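What follows is one structure encoded as structure tokens, with my remarks underneath.
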Amino acid sequence: MDIAIVAVAYNRIDSLTRLLDSLDKAYYNDKKPTLIISIDKSKTDAVERFADEYTWRHGEKIVDKHEKNLGLRPHMMSLGKWLDRFDAIVVLEDDIVVSPDFYNYTSQTVEKYHDCPNIAGISLYGFRINYQTGLPFEPVKDGNDIYFMNCAMSWGEVWMRDSWKRFFEWYQTHQEFGILPHLPQTICKWGPKSWLRYHTRYCIEENLFFVHPRS
């Protein structure tokens with residue numbers, strides 16, 4: 001499986017530096033993953049210049065500079081184009097960092113679940129809080145390393161070619177998003193910039209799942 005890493009940037013060099021530093025320290029074994037730095041247009045070109053000068057020592061580097069400002073949701077949705085080239089992409093906004101083992105986990109889960117029709121994506125993060133209630137969350141201990149939820153992820157996620165294309169087709173015809181009685185009200189109140197609410201709604205309405213790690 002050819003799995004690329006996409007770092008999503010806008011106008012913050014410090015946070016992008018922190019993300020790239022965590023990626024540089026991760027374990028890739030004999031893999032040489034492509035790093036794509038996708039930069040939405042802002043009022044400064046400092047991030048573009050930083051990305052051009054950054055050295056990715058683990059494989060190919062691509063700097064994708066958008067010529068006009070897309071905004072968060074269109075920018076995120078545009079990343080699916082990379083799945084025409086790669087089997088899967090790891091999508092990382094610039095306000096997070098990764099575990100050193102993230103690529104090993106990604107490789108194993110993509111290999112296992114890439115052709116499962118009921119899997120919509122893979123999360124790099126295991127919930128500790130139920131964000132609907134604010135209360136602690138702990139999945140049932142059943143002896144497995146992962147668990148499944150009708151809940152997409154934006155704090156580090158993996159999109160796979162076939163499952164993403166199915167979601168994107170659904171997305172084209174579900175742009176309206178009001179208060180829907182079958183969805184958690186928290187999700188319905190997320191603003192129009194949120195792309196995550198569409199992916200989560202898709203999982204709920206189509207009864208699909210994200211793979212989540214226990215740790």
Side-chain angles (χ1 to χ4, degrees), residues 1-11 34-42 62-96 106 109-110 112-125 127 131-132 148-212:
M1 291 291 172
D2 194 0
I3 305 171
I5 303 165
V6 182
V8 184
Y10 177 45
N11 62 358
T34 296
L35 171 67
I36 301 162
I37 304 176
S38 182
I39 307 171
D40 198 8
K41 182 68 175 177
S42 69
I62 299 172
V63 179
D64 187 19
K65 306 171 188 176
H66 293 276
E67 296 181 355
K68 64 178 182 179
N69 179 258
L70 301 178
L72 179 59
R73 176 156 60 99
H75 186 193
M76 295 299 294
M77 298 302 294
S78 76
L79 303 178
K81 69 183 180 182
W82 294 108
L83 290 166
D84 291 334
R85 172 176 171 182
F86 300 98
D87 297 304
I89 56 174
V90 183
V91 179
L92 304 165
E93 296 183 53
D94 67 359
D95 58 351
I96 61 176
T106 296
T109 49
V110 168
K112 185 172 182 64
Y113 296 108
H114 74 277
D115 60 353
C116 293
N118 59 341
I119 297 298
I122 297 166
S123 171
L124 300 186
Y125 178 79
F127 282 109
Y131 63 77
Q132 305 300 325
F148 304 97
M149 292 180 67
N150 290 117
C151 184
M153 175 54 64
S154 64
W155 297 331
E157 66 274 8
V158 183
W159 299 343
M160 298 173 287
R161 179 181 293 143
D162 291 344
S163 58
W164 171 262
K165 289 183 176 180
R166 288 191 292 269
F167 164 60
F168 195 73
E169 289 176 2
W170 176 94
Y171 175 77
Q172 302 303 313
T173 59
H174 291 78
Q175 297 294 299
E176 296 296 325
F177 205 121
I179 301 298
L180 301 173
H182 61 285
L183 298 181
Q185 295 304 292
T186 303
I187 295 173
C188 295
K189 294 177 181 178
W190 289 347
K193 294 182 180 180
S194 172
W195 61 271
L196 179 64
R197 66 177 184 166
Y198 291 92
H199 216 167
T200 299
R201 175 185 171 186
Y202 171 71
C203 290
I204 293 171
E205 292 185 351
E206 302 297 318
N207 196 29
L208 302 173
F209 300 89
F210 260 60
V211 180
H212 291 256

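Throughout, residue positions are numbered sequentially from 1 according to the sequence presented. Please read these numbers as outputs of a predicted model, since none were measured by experiment.
One finds the CD1 atom of Ile5 at 11.5 Å from the CD1 atom of Ile89 (value rounded to the nearest 0.5 Å). A distance of 10.5 Å separates CZ of Arg197 from CG of Leu183, quoted to the nearest 0.5 Å. Between atom CG of residue Leu124 and atom CD of residue Glu157 there is a gap of 7.5 Å, rounded to the nearest 0.5 Å. Note that CG of Leu79 and CD1 of Ile36 are 8.5 Å apart. Values are rounded to the nearest 0.5 Å. Taking CZ from Arg161 and CZ from Arg166, the interatomic distance works out to 12.5 Å, rounded to the nearest 0.5 Å. Remark: Ile119 CD1 to Lys112 NZ distance equals 10.5 Å, nearest 0.5 Å.
Annotation for Ala88 and Leu83: closest pair CA-CD2, 3.6 Å, computed over non-hydrogen atoms. When every heavy atom of Gln175 is checked against every heavy atom of Gln172, the shortest pair comes out as CG-O, 4.0 Å. The heavy-atom pair separating Gly156 from Ile96 by the smallest distance is N-CD1, 3.6 Å. Contact between His212 and Cys151 at its shortest, heavy atoms only, is NE2-O, 3.1 Å. Between Pro117 and Leu208, the shortest heavy-atom contact is O-CD2, 3.6 Å. In this structure, Ser163 and Ala120 approach most closely via the heavy-atom pair OG-O, 3.8 Å.
In this structure, the side chains of Ile187 and Ser194 stay at 4.5 Å or more apart for every pair of heavy atoms. Residues Gln185 and Ile179 form a side-chain contact, since some pair of their non-hydrogen atoms from C-beta on lies under 4.5 Å apart.
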*Check step by step if side-chain contact (heavy atoms from CB on, under 4.5 Å) holds for Leu70 and Met76.*
CA-CA 9 Å; Leu70 301 178; Met76 295 299 294; over 6 Å; no
*In sequence, state the C-alpha distance, the side-chain angles, and the governing distance for Arg201 and Cys188, and then conclude on side-chain contact (heavy atoms from CB on, under 4.5 Å).*
CA-CA 9 Å; Arg201 175 185 171 186; Cys188 295; over 6 Å; no
*Taking it one step at a time, do Ser123 and Met149 satisfy side-chain contact (heavy atoms from CB on, under 4.5 Å)?*
CA-CA 10 Å; Ser123 171; Met149 292 180 67; over 6 Å; no
_Run the side-chain contact (heavy atoms from CB on, under 4.5 Å) test on Thr106 and Ile3 for me, step by step, so that the C-alpha distance in whole Å, both residues' side-chain angles and the decisive distance to 0.1 Å come before the verdict._
CA-CA 8 Å; Thr106 296; Ile3 305 171; 4.0 Å; yes
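Note on ring orientation: taking the six-membered ring where Trp is involved, the planes of Trp159 and Trp164 are parallel (angle under 30°, cut-offs 30° and 60°).
Checked against a 6.0 Å centroid threshold, the rings of His75 and Tyr10 do not count as neighbours. Trp195 and Tyr198 have their aromatic ring centers separated by at least 6.0 angstrom. Tyr131 has its ring centre no less than 6.0 Å from the ring centre of Trp155.
Residues satisfying the salt bridge (Lys or Arg N to Asp or Glu O under 4.0 Å) test with Asp64, not counting sequence neighbours, are Lys81.
Shown are Val91, Ile62, Thr34; of these, the side-chain contact (heavy atoms from CB on, under 4.5 Å) with Trp82 is made only by Ile62. Just one of Trp190, Tyr171, Phe177, Phe210 meets the ring-ring contact (aromatic ring centres under 6.0 Å, His included) condition when paired with His199; it is Phe210.
Distance alone, capped at 3.5 Å, places no donor-acceptor pair between the Asp40 side chain and the Ala9 backbone. A donor-acceptor pair is defined here as one N or O able to donate and one able to accept, closer than 3.5 Å; such a pair exists between the side chain of Arg73 and the backbone of Pro192. No donor-acceptor distance shorter than 3.5 angstrom exists from the side chain of Asn69 to the backbone of Ser42, with no hydrogens or angles considered.
Within 6.0 Å of NZ in Lys165 there are more than 12 heavy atoms belonging to other residues, nucleotides or ligands.
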